[in-house]
Structures are given as structure tokens and as C-alpha cells.
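Heads up, the thing below is written out as C-alpha cells.
When a ligand or atom number is given, it counts from 1 through the structure's own listing order.
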Amino acid sequence: MNALETVERLKQRFPNEPEYIQAVSQVLGTIEEEYNRHPEFDRANLIERLCIPDRIISFRVTWVDDKGNVQTNMGYRVQHNNAIGPYKGGIRFHASVNPSILKFLAFEQTFKNSLTTLPMGGAKGGSDFSPRGKSNAEVMRFCQAFMNELFRHIGPDEDVPAGDIGVGGREVGYMFGQYKKLTHTFVGVLTGKGQEFGGSLIRPEATGYGNVYFLENMLKTRSIDLKGKRVLVSGSGNVAQYTVEKLILLGAVPVTLSDSDGYIYDPDGIDAEKLAYVKELKNVERGRIREYAEEYGVKYVAGARPWGEKADIALPSATQNEIDGDDARTLVANGVFAVSEGANMPSTPEAIKVFQEAGLLYAPGKAANAGGVAVSGLEMSQNSERLRWSSEEVDAKLHSIMNEIHADCVKYGTQTDGYVNYVRGANVAGFLKVAKAMMAQGIV
Ligand SMILES: NC(=O)C1=CN([C@@H]2O[C@H](COP(=O)(O)OP(=O)(O)OC[C@H]3O[C@@H](n4cnc5c(N)ncnc54)[C@H](O)[C@@H]3O)[C@@H](O)[C@H]2O)C=CC1
Ligand SMILES: O=C(O)CCC(=O)C(=O)O
């Protein structure tokens, strides 16, 4: 397999899918050598079968807004690969959602889920519907309409969606309710459910906590203590909130948060009380991060990202391609020595190159943010055995999964000069398991 030629062929077949091509080319560039050690992979054209999703379901979603207008949106589910388990991955509701973005996310999810050590294939879905500015009743009607089509394609042993951008506990609850009504079953078909109806403890916390556990592992390789370190966090949703929570618990000092309008910089650090304010603002009042600056009298910068502020560590936790080459150079120049991705593909290829050439501890999302889907996998296990595990038990399992993912990255990513290339490590480790499963299952 020649990575460049394969990517070029995919580019010609899928010319309008830049995010998908970006994700594929990142992976192929790092697995090429390992892949070519197994001539049997090429004979089975494993690479195209691994890059092209098993199926893409797309449908119209029709719903009625509060004024009585009939609205339409697009709905999708990309079922990428189920070689190691049922399809699994979140649902995104955001105006930017399109097939390219969902294909990149489903592709990444396949490798990420493989890294978790749990039996889950990769998928992603969503809609160009934006919950922003919609009433609760509108969100409910949209979720029900979305599920009216999606329910045919999912199931607890087939495909198990969860949340992502714009989809949290509220949306998962509405979708679960509609699935139950349509199928007359009560099964673990979605994860991230409410605690009262099968949701796992620690699932809301898992992605953010898991990223900080991964970061601690990376810091340990250089004997650096997280305590007292100043941390730039982007986003202010699920992942960002629980990243900040764990940072505070471990004595670090988170100083920024953002949303799509701008960012706040709090030089004294975001403490537990201020975080409680952010949770209320974002999860209940559904307000803007600008209001934090008004509440606490700190700096707010409209239309910008937080990467120009001085700090030790950066944890991007908002969205894809939110750190470009210039941002990366600024971070390095300002002394940032570790970047661990809570979001999926937040760094552009140029930014990654800058981090790696500067010798930073740099962890890609598919390793660092795998804690969320890992606890989703644990939610599936609890649903199957109709039991509920304690917070301590789930958190301990999450912690040990993140440690294992880190160990795998070190095993497959350590270069001859001792630098750990976490991108290579995560891609090779995730790839090998899926590839072996695909080979064992024949040409299907
Ligand atoms: N929720 C989860 O368990 C997991 C989420 N992720 C990834 O983490 C990231 C954040 O997801 P969540 O916190 O769940 O979503 P969320 O909807 O709770 O929060 C998203 C945050 O990102 C900001 N944002 C969204 N689009 C933006 C844009 N174009 N520019 C600037 N800011 C933007 C929003 O304002 C919000 O603060 C995404 O990349 C998601 O794919 C990854 C693994 C698991
Ligand atoms: O919990 C899940 O199934 C999916 C989480 C997710 O969407 C992700 O890991 O990007």
C-alpha cells in the first residue's frame, strides 16, 4: 500500500469531502509501514475496505416549529466498520453537519473504539439541525422525527448511538423515548441515557476525565506534575466542563473556556464555584460564555480562540480544526509543552507537525478522548446484565482503560530517539486489532 496514492484515489472518488480525506490521510501516513509488513492485507484490499464506510444512511427529517411552520433537515448515520463489535458512536446536531464531517468522525471512531479494548465498531450520525435558540418542545419534536427514521437502522446488538456536539442528556432522552415507543422494547440502544433509565454513572464526566487521565500519563513520562499548571481549555460543553472539573480536582489551573462566539480568560483560574456557574449557564440557561466575563469581571475576546494566552498545557475540547499552524506556533512560542485532544481532530495536519517537531507531548483525540465511548461501552455492559455499577467502579475502569491506551501508544509509537509519537502509536494499535478481525472474517 502506498499511502499517498491511496489517498489520491480516495480524493478522486470523494472530491468534496475534505475532513474525511484529512482524517484518512493522517492515519494512512502512519500505518503504511506496519500495513506493508503484512502482504496478506493488501491481497484482501484491506485498506479500501477499512477506509470506505460499510454504509451511509441519509434521510429527510420533517418537524413542526413552535410557530406551526413545517421544517426539514437532513439526517445521517455513517456505519463505518463493525469488525470488532456493533457499530458505536455519537450523534451530532450542528448546522455544519454534512457527510464529509460524519465520515471523518465515523472513521476516527473505528480506531478509537478499537483502542478502548472493548468490543465496539465505529459509527457516527447526526443532522444539520441546530438546537441553538430552539425551545425545549422544538428540540423534542425534532428528536422524535429524527428517530422515526433512524430506529430502523439501530439496535443494542446492531448500532448504539450516543451524544456528541449538540446532543446531550436531554436529546438522548427524547430519542430513547421515541425508540421505545416505536419498537415496544426497553433496551440499551443509546448510551448517555439518564441515570433513572439505564444511564451509567460517570458517562457525562468520562470524556473530560479520561482526557485528563491520559494527560497525567503523558506528563509522567517526563516526570512532570500536573499540580499548579496553567491550562487552556476550549469549548464549554460536555467535554470542556468535565475536563475543567478534573483539572481543578487535581490542583491544575484552567484559565480559559470558549464557544463559537469567543473565549474568556480568567487569570485567577476557573474554580469549582465558577464551574458550577458555567454548568448552569450552558446546560440549563443555554447562554453564551461571554456572560461568564460579565459575571466575574474577566477578559472576553469575541470571534477568537484561546490559543494566544500564556499557559503550560492546551486541551482543545470544542470542534475539528480549531488549532491551525499559526495557533500551534503561538502555543509553542508561549511555552506550552503538552497538548491533549478532548475534541475530535481539533488540530490541523500543519499544527500536528509543529507540535511534533517541537517535541511536545501531543495526544490525538482518538486516544485522549476515548474515555467517553469507553464508558458508553461500560453502559452497554451494565444494560446487558441489567445491573448498575457504582461511580467508583466505573471511574476505576475508565482510569485503567486510559492507562492501557497510553501504554499502547507508547508501545507502538516510541521512536528510536525515544520520542513518543502518539499519533503513530494510536493509529497502529487501533488499526491492527480491526485489521486482524477483518482478515479472520473473510471478504465481506
Ligand atoms: N461528548 C462526548 O462524550 C465526546 C465528545 N467528543 C468531541 O468533543 C468535542 C466537544 O463535544 P461536546 O462537548 O460533547 O459537545 P457540546 O455540544 O457539549 O459542546 C461543544 C462546545 O464546542 C463549541 N463549539 C462547537 N462548534 C464550534 C465551532 N465551530 N467553533 C467554536 N466552538 C464550537 C460549542 O460552543 C460548545 O461549547 C467534539 O469535537 C466532539 O466530537 C469526543 C469524544 C466524546
Ligand atoms: O459514547 C459514544 O458512543 C460516542 C462518543 C463519541 O461520539 C466520540 O467518541 O467521539
Side-chain angles (χ1 to χ4, degrees), residues 19 85-97 101-102 104-113 115-116 118 120-126 130-132 154 159-172 188-193 199-200 202-211 233-244 257-264 278-279 281-283 286-290 292 303-306 315-323 341-347 364-380:
E19 294 87 358
Y87 300 109
K88 179 86 194 88
I91 289 186
R92 177 176 292 192
F93 290 164
H94 193 269
S96 64
V97 162
I101 288 178
L102 295 180
F104 115 64
L105 289 164
F107 176 79
E108 288 285 289
Q109 197 81 46
T110 299
F111 293 84
K112 183 193 305 191
N113 293 3
L115 287 170
T116 64
L118 302 174
M120 300 181 289
K124 202 86 181 194
S130 170
R132 189 170 164 184
I154 61 176
D159 183 354
V160 183
D164 189 75
I165 292 178
V167 177
R170 174 180 65 165
E171 291 75 15
V172 168
V189 68
L190 288 149
T191 58
K193 299 184 290 298
S200 176
I202 305 293
R203 176 61 188 91
E205 291 87 346
T207 310
Y209 279 21
N211 190 20
V233 179
S234 64
S236 47
N238 170 268
V239 179
Q241 290 170 20
Y242 288 103
T243 297
V244 167
L257 281 170
S258 70
D259 59 24
S260 45
D261 295 338
Y263 77 89
I264 59 102
V278 173
K279 286 185 182 172
L281 175 70
K282 284 292 175 182
N283 309 345
R286 301 191 187 269
R288 308 307 296 165
I289 202 65
R290 172 181 36 79
Y292 179 107
R305 295 168 178 148
L315 304 178
S317 307
T319 193
Q320 65 274 0
N321 292 329
E322 56 170 316
I323 300 182
E341 296 183 341
N344 285 308
M345 207 169 76
S347 309
K366 66 170 73 71
N369 72 35
V373 74
V375 173
S376 276
L378 301 178
E379 182 169 322
M380 289 166 72

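- Nearest to atom 24 (N) of ligand 1 among the protein's heavy atoms is Ala318 CB, 4.1 Å.
- One option in Asn283, Asn344, Ile165 has a heavy atom closer to atom 6 (N) of ligand 1 than any other, and that option is Asn344.
- Of the possible polar contacts, one joining the Glu379 side chain to the Ser200 backbone as a donor-acceptor pair under 3.5 Å is found.
- Below 4.0 Å from some heavy atom of Lys112 lie the following atoms of ligand 2, by number and element: 8 (C), 9 (O), 10 (O).
- Only side-chain heavy atoms of His94 come within less than 4.0 Å of ligand 1; its backbone N, CA, C and O stay farther off.
- Remark: ligand 2 atoms within the under-4.0 Å shell around heavy atoms of Gly163 are 7 (O).
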Candidate pair Lys112 and Met120, rule side-chain contact (heavy atoms from CB on, under 4.5 Å), full reasoning = CA-CA 9 Å; Lys112 183 193 305 191; Met120 300 181 289; over 6 Å; no

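- Residue Val239 has at least one nitrogen or oxygen atom sitting less than 3.5 Å from a nitrogen or oxygen atom of ligand 1, judged on distance alone.
- In the vicinity of Gly89, heavy-atom distances shorter than 4.0 Å reach the ligand 2 atoms 3 (O), 4 (C).
- The nearest heavy-atom contact from the protein to atom 5 (C) of ligand 2 is Arg203 NH2, 3.8 Å.
- In terms of protein heavy-atom proximity, atom 40 (C) of ligand 1 is closest to Asp164 OD1, 3.1 Å.
- You'll find the side chain of Val239 stays beyond 4.5 Å of the side chain of Asn211, heavy atoms only.
- Counting only distance, with no hydrogens or angles, the side chain of Glu108 and the backbone of Leu105 share no donor-acceptor pair below 3.5 Å.
- From the protein, the heavy atom lying nearest to atom 37 (O) of ligand 1 is Ser236 N, 2.9 Å.
- Taking any N or O of Arg203, backbone or side chain, at least one lies under 3.5 Å from an N or O belonging to ligand 1.
- If you look at Gln241 next to ligand 1, there are no close heavy atoms at all, none under 4.0 Å.
- Looking at Gln109, its side chain never comes within 3.5 Å of a backbone N or O of Gly122 through a donor-acceptor pair.
- Against a heavy-atom cut-off of under 4.0 Å, Ala343 is close to the following atoms of ligand 1: 7 (C), 8 (O), 9 (C), 39 (O).
- With respect to atom 35 (O) of ligand 1, the closest heavy atom belonging to the protein is Asp259 CB, 3.2 Å.
- The closest protein non-hydrogen atom to atom 28 (C) of ligand 1 is Thr319 CG2, 3.5 Å.
- Counting heavy atoms closer than 4.0 Å to ligand 2, residue Asn344 contributes side-chain atoms (C-beta onward) but none from N, CA, C or O.
- Under 4.0 angstrom from ligand 2, the non-hydrogen atoms of Asp164 all belong to its side chain.
- When heavy-atom distances to ligand 1 are checked against a 4.0 Å cut-off, Ser317 comes that close only through its backbone atoms N, CA, C and O.
- Residue contact check: Ser258 has heavy atoms under 4.0 Å from atoms 37 (O) of ligand 1.
- Nearest approach of Glu322 to Ser234, heavy atoms of both residues: OE1-OG, 2.7 Å.
- Interatomic distance, CG of Asn369 versus OG1 of Thr207, reported as 6.5 Å (0.5 Å rounding).
- Taking atom 31 (C) of ligand 1 as the reference point, the nearest protein heavy-atom neighbour is Ser260 CA, 3.5 Å.
- Here the heavy atom of the protein found nearest to atom 4 (C) of ligand 2 is Gly90 N, 3.4 Å.
- In terms of protein heavy-atom proximity, atom 44 (C) of ligand 1 is nearest to Thr207 OG1, 3.3 Å.
- At a heavy-atom distance under 4.0 Å, only side-chain atoms of Arg92, from C-beta outward, approach ligand 1.
- Across all their heavy atoms, Pro204 and Asn238 have their closest contact at O-ND2, 3.0 Å.
- Here the closest heavy-atom approach between residue Ile289 and residue Gly262 is recorded as CG2-O, 3.7 Å.
- The Gly342 neighbourhood of ligand 1 comprises atoms 6 (N), 7 (C), 8 (O), 42 (C), with distances under 4.0 Å to a heavy atom of that residue.
- The contact set between ligand 1 and Gly166, taken as ligand atoms under 4.0 Å from a residue heavy atom, comprises 17 (O).
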side-chain contact (heavy atoms from CB on, under 4.5 Å) between Lys88 and Leu118, worked out = CA-CA 11 Å; Lys88 179 86 194 88; Leu118 302 174; over 6 Å; no

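- At a 3.5 angstrom cut-off on N or O pairs, Lys112 does not count as close to ligand 1.
- By the 3.5 Å distance cut-off applied to N or O atoms, Lys124 is not counted among the residues near ligand 1.
- Atom 3 (O) of ligand 2 has Lys88 NZ, 2.6 Å as its closest protein atom, hydrogens excluded (heavy atom only).
- Atom 1 (O) of ligand 2 has its closest protein heavy atom at Ser376 OG, 2.5 Å.
- Using a 4.0 Å cut-off to heavy atoms of Ala162, the atoms of ligand 2 that qualify are 1 (O), 2 (C), 3 (O).
- When each of Leu378, Val160, Asn113, Leu115 is paired with Val373, the side chain to side chain contact (heavy atoms under 4.5 Å, CB included) condition holds for Asn113 and for no other.
- With hydrogens and angles ignored, the 3.5 Å screen pairs a side-chain donor or acceptor of Arg203 with a backbone N or O of Gly372.
- Here Asp164 pairs with Lys124 in a salt bridge; the nearest charged N to carboxylate O distance falls below 4.0 Å.
- The nearest heavy-atom contact from the protein to atom 18 (O) of ligand 1 is Asn238 N, 2.9 Å.
- Atom numbering of ligand 1 starts at 1 in the shown order; those under 4.0 Å from a heavy atom of Gly235 are 37 (O).
- Every heavy atom of Ala370 sits 4.0 Å or more from the atoms of ligand 2.
- If you look at Lys124 next to ligand 2, the close heavy atoms, those under 4.0 Å, all belong to the side chain.
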